[in-house]
Amino acid sequence: PPHTGVFQELTTSDCRFFNSTDRVKFVERFIYNQEQYANFDSDVGHFVGYTSFGEKFARYWNNLPDSMEVTRAQVDGLCRHNYEVFRPFLMER
Ligand SMILES: *[C@@H]1O[C@H](CO)[C@@H](O)[C@H](O)[C@H]1NC(C)=O
(Lines give C-alpha, C1' and ligand atoms only; values in the text may rest on other atoms or scores of the structure.)
Protein backbone atom coordinates (compact mmCIF):
# COMPACT_ATOMS: atom_id res chain seq x y z
CA PRO A 1 0.00 0.00 0.00
CA PRO A 2 1.10 3.66 -0.43
CA HIS A 3 3.16 5.37 2.31
CA THR A 4 4.23 2.16 4.04
CA GLY A 5 7.72 2.14 2.55
CA VAL A 6 6.96 -1.29 1.12
CA PHE A 7 6.62 -1.63 -2.62
CA GLN A 8 6.70 -4.30 -5.26
CA GLU A 9 8.56 -4.08 -8.54
CA LEU A 10 7.68 -6.96 -10.82
CA THR A 11 8.94 -7.91 -14.27
CA THR A 12 7.51 -10.83 -16.18
CA SER A 13 8.69 -12.43 -19.42
CA ASP A 14 6.27 -14.60 -21.38
CA CYS A 15 6.93 -16.73 -24.40
CA ARG A 16 3.77 -17.65 -26.29
CA PHE A 17 3.82 -20.41 -28.83
CA PHE A 18 1.28 -20.89 -31.58
CA ASN A 19 1.51 -24.13 -33.55
CA SER A 20 4.77 -25.17 -31.84
CA THR A 21 7.40 -22.66 -32.88
CA ASP A 22 5.69 -21.70 -36.14
CA ARG A 23 4.60 -18.39 -34.60
CA VAL A 24 6.22 -17.13 -31.38
CA LYS A 25 5.52 -14.02 -29.37
CA PHE A 26 7.68 -12.58 -26.56
CA VAL A 27 6.04 -10.25 -24.02
CA GLU A 28 7.87 -8.50 -21.19
CA ARG A 29 5.82 -6.58 -18.59
CA PHE A 30 6.99 -3.99 -16.06
CA ILE A 31 4.76 -3.55 -13.03
CA TYR A 32 5.04 -1.29 -9.97
CA ASN A 33 2.60 -1.94 -7.12
CA GLN A 34 0.34 -3.96 -9.41
CA GLU A 35 0.22 -1.22 -12.04
CA GLN A 36 1.71 -2.10 -15.41
CA TYR A 37 3.71 0.92 -16.49
CA ALA A 38 5.44 -0.46 -19.61
CA ASN A 39 5.78 -3.49 -21.79
CA PHE A 40 7.59 -4.92 -24.76
CA ASP A 41 5.60 -7.02 -27.22
CA SER A 42 7.59 -8.65 -30.01
CA ASP A 43 4.67 -8.11 -32.41
CA VAL A 44 5.01 -4.36 -31.76
CA GLY A 45 8.83 -4.39 -31.69
CA HIS A 46 9.44 -1.61 -29.17
CA PHE A 47 8.68 -0.66 -25.55
CA VAL A 48 5.38 1.08 -24.84
CA GLY A 49 4.73 3.16 -21.71
CA TYR A 50 1.37 3.35 -19.94
CA THR A 51 2.15 6.00 -17.28
CA SER A 52 4.31 9.14 -17.38
CA PHE A 53 7.17 7.18 -15.80
CA GLY A 54 6.48 4.31 -18.22
CA GLU A 55 6.73 6.65 -21.19
CA LYS A 56 10.15 7.86 -20.02
CA PHE A 57 11.21 4.27 -19.37
CA ALA A 58 10.06 3.23 -22.86
CA ARG A 59 11.76 6.19 -24.54
CA TYR A 60 15.02 5.43 -22.71
CA TRP A 61 15.13 1.74 -23.66
CA ASN A 62 13.88 2.31 -27.22
CA ASN A 63 16.87 4.59 -27.77
CA LEU A 64 19.49 1.99 -26.83
CA PRO A 65 20.07 0.18 -30.14
CA ASP A 66 22.25 -2.62 -28.73
CA SER A 67 19.77 -3.41 -25.99
CA MET A 68 16.81 -3.25 -28.42
CA GLU A 69 18.58 -5.70 -30.69
CA VAL A 70 18.90 -8.16 -27.78
CA THR A 71 15.26 -7.66 -26.75
CA ARG A 72 14.00 -8.14 -30.31
CA ALA A 73 16.11 -11.31 -30.61
CA GLN A 74 14.42 -12.89 -27.55
CA VAL A 75 11.79 -14.70 -29.67
CA ASP A 76 14.66 -16.79 -31.02
CA GLY A 77 17.38 -16.61 -28.32
CA LEU A 78 15.05 -17.14 -25.35
CA CYS A 79 11.68 -18.49 -26.56
CA ARG A 80 12.53 -20.82 -29.44
CA HIS A 81 15.68 -21.89 -27.60
CA ASN A 82 13.79 -22.77 -24.38
CA TYR A 83 11.04 -24.49 -26.34
CA GLU A 84 13.60 -27.01 -27.56
CA VAL A 85 15.18 -27.32 -24.07
CA PHE A 86 11.85 -27.99 -22.30
CA ARG A 87 10.03 -29.93 -25.01
CA PRO A 88 11.23 -33.38 -23.86
CA PHE A 89 9.91 -32.74 -20.32
CA LEU A 90 6.66 -31.03 -21.25
CA MET A 91 5.46 -32.60 -24.47
CA GLU A 92 7.04 -36.00 -24.82
CA ARG A 93 6.00 -37.72 -21.58
C1 LIG B 1 1.93 -25.04 -38.44
O2 LIG B 1 3.32 -25.07 -38.70
C3 LIG B 1 3.70 -25.82 -39.83
C4 LIG B 1 5.22 -25.92 -39.86
O5 LIG B 1 5.85 -24.67 -39.71
C6 LIG B 1 3.09 -25.19 -41.09
O7 LIG B 1 3.47 -25.91 -42.23
C8 LIG B 1 1.57 -25.15 -40.93
O9 LIG B 1 1.01 -24.48 -42.03
C10 LIG B 1 1.19 -24.45 -39.64
N11 LIG B 1 -0.25 -24.59 -39.40
C12 LIG B 1 -1.02 -23.54 -39.12
C13 LIG B 1 -2.46 -23.87 -38.82
O14 LIG B 1 -0.61 -22.41 -39.11
Side-chain angles (χ1 to χ4, degrees):
H3 313 305
T4 58
V6 176
F7 65 91
Q8 181 193 54
E9 171 71 31
L10 177 68
T11 305
T12 66
S13 299
D14 291 22
C15 290
R16 300 179 194 173
F17 302 95
F18 306 91
N19 187 19
S20 302
T21 55
D22 188 40
R23 202 171 96 63
V24 182
K25 185 176 162 89
F26 172 70
V27 179
E28 209 171 17
R29 290 197 184 85
F30 301 84
I31 297 156
Y32 176 78
N33 283 353
Q34 306 190 25
E35 180 183 39
Q36 181 174 317
Y37 59 86
N39 81 348
F40 175 88
D41 179 326
S42 60
D43 289 349
V44 175
H46 56 83
F47 288 89
V48 174
Y50 298 101
T51 66
S52 65
F53 171 75
E55 284 171 7
K56 278 187 229 168
F57 175 94
R59 205 172 309 125
Y60 176 79
W61 288 103
N62 287 334
N63 282 302
L64 297 179
D66 291 354
S67 171
M68 285 309 291
E69 197 179 314
V70 172
T71 302
R72 289 185 179 125
Q74 296 287 44
V75 279
D76 293 323
L78 178 72
C79 299
R80 284 193 170 88
H81 171 80
N82 279 357
Y83 188 94
E84 297 308 325
V85 171
F86 288 104
R87 180 163 61 180
F89 308 104
L90 299 177
M91 261 91 98
E92 289 166 18
R93 326 168 28 125

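Read the numbers this way: they start at 1 and go in the same order the structure lists the ligands and their atoms. Because only heavy atoms are used, hydrogens play no part in the values below, and waters and symmetry mates are left out as well, while side chains stay in.
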Chemist: Got a donor-acceptor contact below 3.5 angstrom from the Arg29 side chain to the Gln36 backbone?
Modeler: no
Chemist: With a 4.0 angstrom cut-off on heavy atoms, strictly below it, pick out the residues next to ligand 1 and order them by chain and number.
Modeler: Asn19, Asp22
Chemist: Is it true that Met68 and Phe57 fall in one hydrophobic cluster, defined by side-chain heavy atoms closer than 4.5 Å?
Modeler: yes
Chemist: Check whether any side-chain heavy atom of Tyr37 sits under 4.5 Å from a side-chain heavy atom of Glu9, and report yes or no.
Modeler: yes
Chemist: Are Trp61 and Phe40 side-chain neighbours, meaning at least one heavy-atom pair lies under 4.5 Å?
Modeler: no
Chemist: With sequence neighbours excluded, what pairs up with Asp41 under the side chain to side chain contact (heavy atoms under 4.5 Å, CB included) test?
Modeler: Lys25, Val27, Asp43, Val44
Chemist: Is the closest side-chain heavy-atom distance between Tyr83 and Arg87 below 4.5 Å?
Modeler: yes
